There are 2 protein chains.
Amino acid sequence: MKRITIRDVSERAGVSTAAVSYVLNGREGKVSSETVAKVRKAVEDLNYIPDFSARSLANNKSKLIGVVIPQTEDRKQLLLQNPFYSELICGIEARLRQSGFHMILSGVEKGEGYLDTSMQRNLDGAIITGIYQESFYEDLKKVRMPIVLVDSYVYDSHFHVVGIDDELGGYLATRHFIENGHTNIALVTGLIRKDGVVEKRFLGYKRALKEAGLFYNPDHVFEHSVTYEYGQEAARLIATKYPEITAVFATSDLMAMGVMQGVRDEGKEVPEHISVIGFDDISVARMCTPPLTTIKQDAIAKGIMAAERLLAAIENPDAEHSENLMVMPLSLIERNTVRKLP
Amino acid sequence: MKRITIRDVSERAGVSTAAVSYVLNGREGKVSSETVAKVRKAVEDLNYIPDFSARSLANNKSKLIGVVIPQTEDRKQLLLQNPFYSELICGIEARLRQSGFHMILSGVEKGEGYLDTSMQRNLDGAIITGIYQESFYEDLKKVRMPIVLVDSYVYDSHFHVVGIDDELGGYLATRHFIENGHTNIALVTGLIRKDGVVEKRFLGYKRALKEAGLFYNPDHVFEHSVTYEYGQEAARLIATKYPEITAVFATSDLMAMGVMQGVRDEGKEVPEHISVIGFDDISVARMCTPPLTTIKQDAIAKGIMAAERLLAAIENPDAEHSENLMVMPLSLIERNTVRKLP
DNA sequence: TTGTAGGCGTTATCAT
DNA sequence: ATGATAACGCCTACAA
């Protein structure tokens with residue numbers, strides 16, 4: 001069964017391929033309504049479906065968006081196990097599809113770049129989440145498609161950025177502990193990398209401590225790649241070696257939940273013995289017991305926003321780039337994991 | 001900045017474009033090792049990156065795989081909020097990338113087909129999860145790319161299938177309750193659809209009841225689309241209207257966790273008042289409190305397997321189709337949500 | 001072994 | 001308003 005081409009349609013409709021192309025692309029000003037009707041009918045009859053590869057070749061528009069998310073270091077798998085990314089992807093995909101774009105979702109090997117993929121596929125744009133080495137971004141700048149960075153503090157006029165005020169989030173969480181009488185507050189966090197979100201959350205944590213006249217103790221910072229298991233581990237360390245700690249600010253809900261489990265593993269209770277605040281407000285945060293107090297951000301909305309910024313930039317390649325930083329709202333959600341100390 | 005083409009490479013290397021194409025595609029038998037070296041050098045020097053659109057146009061191979069997962073009915077967003085799908089996707093993407101393929105991830109609108117996408121993008125294959133209407137599959141059969149159905153009981157020689165023995169899963173869970181002395185066992189389940197996985201799990205549930213000489217009570221079946229919230233709702237109903245029920249088999253962990261929360265909302269405890277078994281063993285199942293007894297399947301492995309089957313079918317289009325059903329292992333994981341009745 | 005040239009499906013530039 | 005026709009980048013008979 002051979003493919004139906006634009007030529008088949010043109011013959012059937014008794015017009016030229018150019019005419020068909022015009023009506024297909026909505027340039028209907030250029031063609032008589034009679035021709036439009038004939039073409040539409042032929043398209044319908046033949047069940048014609050355009051070939052995007054050919055289109056891409058002819059006009060460099062692929063209707064394809066590259067989406068990159070971090071992957072686990074060990075198994076090279078997407079970090080989708082962190083629900084935050086799942087939700088982000090949901091938002092991106094939904095918005096993209098709504099505008100007739102498709103999404104190529106992939107991780108990128110450590111040390112590899114994204115230039116190859118972007119050129120091979122003639123991507124119309126890309127959404128990048130996670131933090132990479134300098135050269136990765138330098139590479140990306142060489143390509144002329146619009147790029148949206150999600151959760152990055154790599155400011156550069158080449159990139160659009162969608163994020164939140166991570167420093168504020170860290171500050172709010174820590175201050176909430178302080179307001180509830182806590183003075184020994186641990187930080188359980190993902191790897192603190194330059195220009196990354198956790199670095200800012202860490203900064204907010206320190207600011208709140210300083211503001212309250214509290215001593216910042218580096219021993220109370222537990223840093224590791226973002227996993228549930230390390231949350232458990234950190235709780236264990238805290239219970240056994242740092243009895244003075246009464247509160248834990250985890251820079252992601254995933255770790256916070258690990259901490260909660262770890263606390264219980266040690267025969268203690270949340271929040272009776274240890275208070276916990278997380279970050280993200282992934283959907284399980286309200287499902288766990290006790291429901292987790294956390295810094296809420298709306299990952300789905302973030303994804304939708306990232307997609308929208310990208311689509312706008314694709315529409316209008318040389319628009320004002322001054323307004324290329326979008327900061328989404330965030331708030332502290334009080335649930336049941338923070339105890340008020342007397 | 002113009003694109004580097006195969007012609008640029010050929011000129012730089014002082015050979016023909018055909019020669020370049022040959023070494024690029026590994027047909028090195030057709031070309032002298034000297035030429036190979038020259039071409040490689042030129043490719044390197046020029047930083048040549050092939051255009052997959054052009055390739056796809058020329059030989060109908062796109063190195064692109066379509067992956068379809070269900071979406072929420074209301075918001076048209078991917079069902080990634082169910083970690084089971086996240087993990088599945090992780091497996092698929094990792095395996096695909098390893099072989100140089102890219103994945104287009106998308107949902108499909110109710111009533112829409114996937115034929116358009118598959119033709120537009122010249123997909124080399126597709127992995128479909130979820131259950132759709134008859135016509136969806138009929139459509140899919142018209143296209144000649146290999147297709148792997150994950151978790152489907154739509155047997156057809158056109159499709160490869162990767163799944164588990166869902167009926168057995170349902171049976172094992174139910175029997176486990178019975179062995180622990182439970183006789184009034186509710187089923188909290190996603191929509192029971194023909195040829196879907198939950199239908200089989202439901203069948204397994206009934207078989208176990210029957211085998212034990214227990215009465216199957218339709219009132220004890222709580223059916224709804226798969227959400228955490230409905231799990232809560234079902235628990236509420238059970239607590240208030242069906243006090244005789246002592247055990248709940250949920251056909252997905254997501255619902256099981258909702259049930260657990262719902263039970264607590266009613267001031268009762270798991271497993272003291274209500275025992276719970278889930279299905280899937282998503283990663284949070286072991287993280288929740290108490291850790292959830294569940295039917296374990298390895299979603300990541302399932303994804304990898306699905307990708308592998310597809311890749312094999314692409315390699316070898318007219319291979320034996322008799323072995324196109326792959327059943328992955330499954331097992332009951334005992335944790336702490338089932339109480340042994342006296 | 002190597003090179004030439006035609007074709008893949010579409011868009012865009014010209015004439016008409 | 002419409003229709004030839006030349007790109008677009010690559011592959012692959014076929015010819016040399």
Side-chain angles (χ1 to χ4, degrees), chain A residues 1-40 42-43 46-64 100 116 118-124, chain B residues 1-40 42-43 46-64 116 118-124 144:
Chain A
M1 160 183 157
K2 263 203 64 54
R3 176 168 198 126
I4 307 287
T5 77
I6 203 171
R7 160 141 279 116
D8 299 321
V9 175
S10 73
E11 283 170 6
R12 170 103 181 191
V15 299
S16 76
T17 62
V20 176
S21 180
Y22 286 144
V23 344
L24 251 42
N25 295 302
R27 305 215 191 308
E28 307 198 358
K30 304 209 54 153
V31 78
S32 76
S33 61
E34 188 191 1
T35 309
V36 172
K38 280 193 294 188
V39 170
R40 287 212 190 297
V43 165
L46 264 34
N47 210 310
Y48 164 75
I49 298 171
D51 182 324
F52 281 33
S53 297
R55 243 181 218 179
S56 162
L57 196 57
N59 70 357
N60 273 314
K61 291 188 192 323
S62 62
K63 288 276 182 182
L64 221 42
D116 286 18
S118 105
M119 306 238 16
Q120 286 168 353
R121 299 294 182 186
N122 279 115
L123 298 183
D124 287 347
Chain B
M1 159 183 158
K2 264 204 61 57
R3 176 169 198 124
I4 308 288
T5 76
I6 203 171
R7 159 141 279 116
D8 299 321
V9 176
S10 72
E11 284 169 5
R12 169 101 181 193
V15 300
S16 76
T17 61
V20 177
S21 179
Y22 287 145
V23 345
L24 252 41
N25 296 303
R27 305 216 190 308
E28 307 199 358
K30 304 208 56 154
V31 78
S32 76
S33 61
E34 187 190 3
T35 308
V36 171
K38 280 192 293 186
V39 171
R40 288 213 191 293
V43 165
L46 264 32
N47 209 310
Y48 165 75
I49 297 170
D51 182 326
F52 280 32
S53 297
R55 242 181 219 182
S56 161
L57 199 56
N59 68 0
N60 273 313
K61 291 191 191 321
S62 61
K63 287 276 183 181
L64 220 42
D116 287 17
S118 104
M119 305 233 29
Q120 286 169 353
R121 299 294 182 188
N122 279 113
L123 299 182
D124 286 347
R144 57 197 170 301

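Remember, it's a predicted structure, so these values are computed and weren't measured experimentally. Throughout, protein chains are lettered first and strands after them, A, B, ... in sequence-line order, and every chain is numbered starting at 1. All heavy atoms count here, side chains included; hydrogens, waters and symmetry mates do not.
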- [ ] Please report, rounded to the nearest Å, how far the C1' atom of C/dG9 is from the OH atom of A/Y48.
- [x] 7 Å
Open item on the list: Test side chain to side chain contact (heavy atoms under 4.5 Å, CB included) on B/R55 and B/N25; report intermediate values, then the result.
Closed with: CA-CA 11 Å; B/R55 242 181 219 182; B/N25 296 303; 4.2 Å; yes
TODO: Would you indicate, yes or no, if C/dT11 has its OP1 or OP2 atom less than 4.0 angstrom from a side-chain nitrogen or oxygen of A/N25?
DONE: yes
TODO: Could you check how far CZ of A/R55 sits from P of C/dT11, rounded to whole Å?
DONE: 5 Å
Task: Rounded interatomic separation in angstrom, taking CG from A/L24 and C1' from C/dT10 - done: 10 Å
- [ ] Give the C-alpha distance, both sets of side-chain angles, the deciding distance and a yes or no for side chain to side chain contact (heavy atoms under 4.5 Å, CB included) between A/T5 and A/T17.
- [x] CA-CA 10 Å; A/T5 77; A/T17 62; over 6 Å; no
- [ ] Mind calculating the distance between CZ (A/R121) and C1' (D/dC10) to the nearest angstrom?
- [x] 14 Å
Task: D/dC10 OP1/OP2 closer than 4.0 Å to side-chain N/O of B/S21 - done: no
TODO: For A/T5, report the nucleic acid contact type (base, sugar-phosphate, nothing); a contact means any heavy atom under 4.0 Å.
DONE: sugar-phosphate
TODO: Between B/I49 and B/Y22, name the one whose nearest nucleotide on DNA chain D is closer to the 5' end.
DONE: B/I49
TODO: Give the rounded distance in Å between these two atoms: CG of A/L57 and P of C/dC8.
DONE: 14 Å
TODO: Would you mind reading off the distance between B/N122 atom CG and D/dC10 atom C1', rounded to a whole angstrom?
DONE: 14 Å
Task: Reported OG-to-CD distance for the pair B/S53 and A/Q120, which is rounded to 0.5 angstrom - done: 10.5 Å
Task: B/R27 side chain, from C-beta outward: closest of D/dT12, C/dT10, D/dA1 - done: D/dT12
- [ ] Report which part of the nucleic acid B/F52 touches: base, sugar-phosphate, or nothing (heavy-atom distance under 4.0 Å, all strands).
- [x] nothing
- [ ] Mind checking the CZ-CG spacing from A/F52 to A/L64? Nearest 0.5 Å is all I need.
- [x] 9.5 Å
Open item on the list: Once salt bridge (Lys or Arg N to Asp or Glu O under 4.0 Å) is applied, what residue pairs with a partner in residues 10-20 of chain A remain, sequence neighbours excluded?
Closed with: A/R12-A/D45
Task: side-chain N/O B/S56 vs C/dC8 OP1/OP2, d < 4.0 Å - done: no
Open item on the list: So, taking the atom named CG in B/L24 and the one named CZ in B/R40, what distance separates them when rounded to the nearest 0.5 Å?
Closed with: 8.5 Å
Task: Rounded distance (nearest 0.5 Å) linking atom OH of B/Y22 with atom OG of B/S16 - done: 7.5 Å
Task: Axial bend angle, the helix from C/dT1-D/dA16 to C/dT16-D/dA1: five-pair end segments, nearest 10° - done: 40°
Open item on the list: With a 4.0 Å limit, can you tell me whether A/T35 has a side-chain N or O closer than that to the phosphate oxygens OP1/OP2 of D/dT2?
Closed with: yes
- [ ] Give, for atom CG of B/L46 and atom CD1 of B/I4, the distance between the pair rounded to the nearest 0.5 Å.
- [x] 4.5 Å
Task: Beyond-backbone contact of A/R3 with B/N122, side-chain heavy atoms, under 4.5 angstrom - done: yes
- [ ] Return the 5'-most residue of the pair B/A54, B/S33 with respect to DNA chain C, ranking by each residue's nearest nucleotide.
- [x] B/S33
Task: Whole-Å distance separating the CE atom of B/M119 from the P atom of C/dT10 - done: 10 Å
Task: Gap between atoms NZ and C1', on A/K63 and C/dT10 respectively (whole Å) - done: 15 Å
Open item on the list: Any residue in residues 11-19 of chain B with a heavy atom nearer than 4.0 angstrom to DNA chain D? Just list them by number, or reply none.
Closed with: B/A18
Task: Non-hydrogen side-chain atoms of A/D51 and B/L57 separated by less than 4.5 Å - done: yes
